[in-house]
Amino acid sequence: MSTSGPQPRRKQSRKGSMADIPKDLLQEIKRLEDLFTVDTAKLKAIVEHFISELAKGLSVEGGSIPMNPTWCMGFPTGNETGTFLALDMGGTNLRVCEINLPEEKGEFDIIQSKYRLPEDLKTGTADELWAYIADCLQQFIEYHHEGEKLDKLPLGFTFSYPRWTKGFDIEGVEGKDVVPPFEAALEERGVPIKLTALINDTTGTLIASSYTDSEMKIGCIFGTGCNAAYMEHFSEIPKLAHMKVDPNQEIAINCEWGAFDNEHKILPRTQYDVIIDKDSPRPGQQSFEKMIAGLYLGELFRLVLVDLHEQPHVKIFEGQDVAALKKPYSLDASFLSDVESDPFENLQETHDTFHTKLNIKCTKPELELIRRLAELIGTRSARLSACGVAAICKKKGYKTAHVGADGSVFNKYPHFKARGAQALKEILDWDKGRDGKPLGRGHDPVEILPAEDGSGVGAALIAALTLKRVQEGNVMGIRDPEGMLRGTKASDSKSKQVAPETK
Ligand code: BGC
């Protein structure tokens with residue numbers, strides 16, 4: 001990293017002062033601190049339970065955390081080659097990428113186009129969605145390969161919506177096999193593409209990151225939703241024992257860890273978390289995710305403020321019109337992140353945001369409470385997120401590791417990274433960094449770092465690895481191996497990856 005001159009060790013932030021805050025608000029601040037603070041002992045207890053729940057998800061009887069085998073078997077070597085497509089459906093855009101993996105180890109070239117997802121499509125029918133996606137892919141191919149006679153291009157599709165949890169509600173997709181209708185839409189239009197791998201965003205992140213950094217052991221998304229993937233040995237996966245695979249063979253597991261503690265045994269849920277769950281489209285599901293992910297942070301904040309306003313003994317927003325604040329999901333994580341980024345001692349920016357967005361004119365003490373509340377919610381999110389990372393590291397016995405992370409909360413939420421690193425330090429009892437160096441500044445034994453492009457490069461790599469494996473005759477977990485080879489270019493992959501042993 002290039003720096004210009006000496007840099008401050010820590011980002012400067014305002015000091016704030018709780019002087020001059022009326023007693024009722026001060027008391028509420030204290031109550032909220034008790035409610036939202038997760039101390040070291042609790043973090044450690046959560047991690048221990050997390051480890052046993054990860055194992056349970058891999059067992060025959062199963063548990064809350066699904067621990068889905070992805071059939072992406074092993075890390076890339078860096079020597080994969082060829083041209084692959086990647087398709088990624090985010091909340092607002094559809095992104096199509098063509099990735100070329102050249103001879104040079106760990107390198108890639110990428111071209112991409114984005115297509116806006118029309119709003120009405122998000123609540124339309126499944127057929128409409130697949131038709132729209134197929135049209136976009138057709139456009140992409142026609143634009144970038146005009147007049148060329150093409151072999152079928154292998155496509156990795158990042159699709160992280162096994163449950164519609166992010167503002168989508170399309171009948172006939174949830175819990176259904178999305179491959180046949182998608183392939184049918186491609187077929188109908190004669191688009192020369194073969195869907196080679198359906199990928200979760202975390203697995204893409206894991207594979208893309210490990211392609212450029214062999215220390216990357218876990219892929220995480222901390223965004224609208226939250227989840228992780230890591231490489232597990234078959235010896236640790238009793239629910240796949242019947243497949244009699246070499247116990248030393250590795251396979252990427254998409255944890256779907258948002259479901260951790262759905263039975264409410266360990267997470268310090270507040271009354272506000274209970275409301276979020278109760279009023280959500282899927283009550284009882286994604287307990288961990290609902291305390292952490294971007295989708296819920298603004299709503300948690302809003303619920304607390306509405307509750308305080310309704311308490312007769314707390315004087316907050318008196319005489320103000322709180323109609324806008326009362327609207328569910330009216331505040332998103334970026335609102336909270338703006339509050340936390342306000343650099344001014346008098347919280348002028350927060351004052352202005354509340355005024356313009358919510359029509360509320362806050363007093364100075366109210367602003368102090370608002371700022372503290374945002375810090376508490378943001379900090380809890382980062383500290384609980386670290387529990388999942390620590391659990392995987394402990395389960396796998398990783399004393400050192402890089403963790404590739406992506407998502408809006410990780411990339412944009414102020415202090416999320418530093419708070420996560422602090423929690424890891426507490427959980428894993430570090431007193432010094434790698435090689436005896438002081439902690440921080442790249443020396444933490446386990447570091448959560450910005451990931452490589454998972455849904456582009458990662459998806460392409462997984463398509464490459466999958467195709468290679470099928471070409472070598474290892475068709476485990478592949479639904480239509482013959483279809484996969486039909487019409488796709490014979491391997492020009494020089495990957496040195498050894499095919500997994502099958503018995
Ligand atoms: C989904 C996961 C996804 C995560 C991050 C969660 O809501 O269930 O599949 O990996 O969000 O996008």
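Positions are given from 1, in the same order as the sequence printed here. Counting convention: from 1, in listed order, for ligands and their atoms alike.
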Original post:
With no hydrogens and no angle check, do the side chains of Thr125 and Asp127 hold a donor and an acceptor under 3.5 Å apart?
Top reply: no

**OP:** For residues Ile377 and Phe36, determine if any side-chain heavy atom of one lies less than 4.5 Å from a side-chain heavy atom of the other.
**Re:** yes

Original post:
Are Ser337 and Lys412 close enough that a side-chain donor and a side-chain acceptor fall under 3.5 Å?
Top reply: no

**OP:** Identify, by atom number and element, the atoms of ligand 1 in contact range of Ile221, meaning under 4.0 Å from any of its heavy atoms.
**Re:** 5 (C), 12 (O)

**OP:** Looking only at distances, please establish whether an N/O atom of ligand 1 is found under 3.5 Å from an N/O atom of Thr202.
**Re:** no

Original post:
Backbone or side chain, does any N or O of Asn200 fall under 3.5 Å from an N or O of ligand 1?
Top reply: yes

Original post:
Gln112: what forms a side-chain hydrogen bond (donor to acceptor under 3.5 Å, both in side chains) with it, not counting sequence neighbours?
Top reply: Arg95

Original post:
Taking the six-membered ring of Phe50, is NZ or CZ of Lys395 closer than 6.0 Å to its centre and within 45° of its axis?
Top reply: no

Subject >> Asn227: numbered ligand 1 atoms lying under 4.0 Å from its heavy atoms >> reply: 2 (C), 3 (C), 4 (C), 9 (O), 10 (O)

Original post:
Looking only at heavy atoms of Cys226, does any of them come nearer than 4.0 Å to an atom of ligand 1?
Top reply: yes

Original post:
Which of these, Ile199, Thr158, Asp201, Asn68, has its nearest heavy atom closest to atom 12 (O) of ligand 1?
Top reply: Asp201

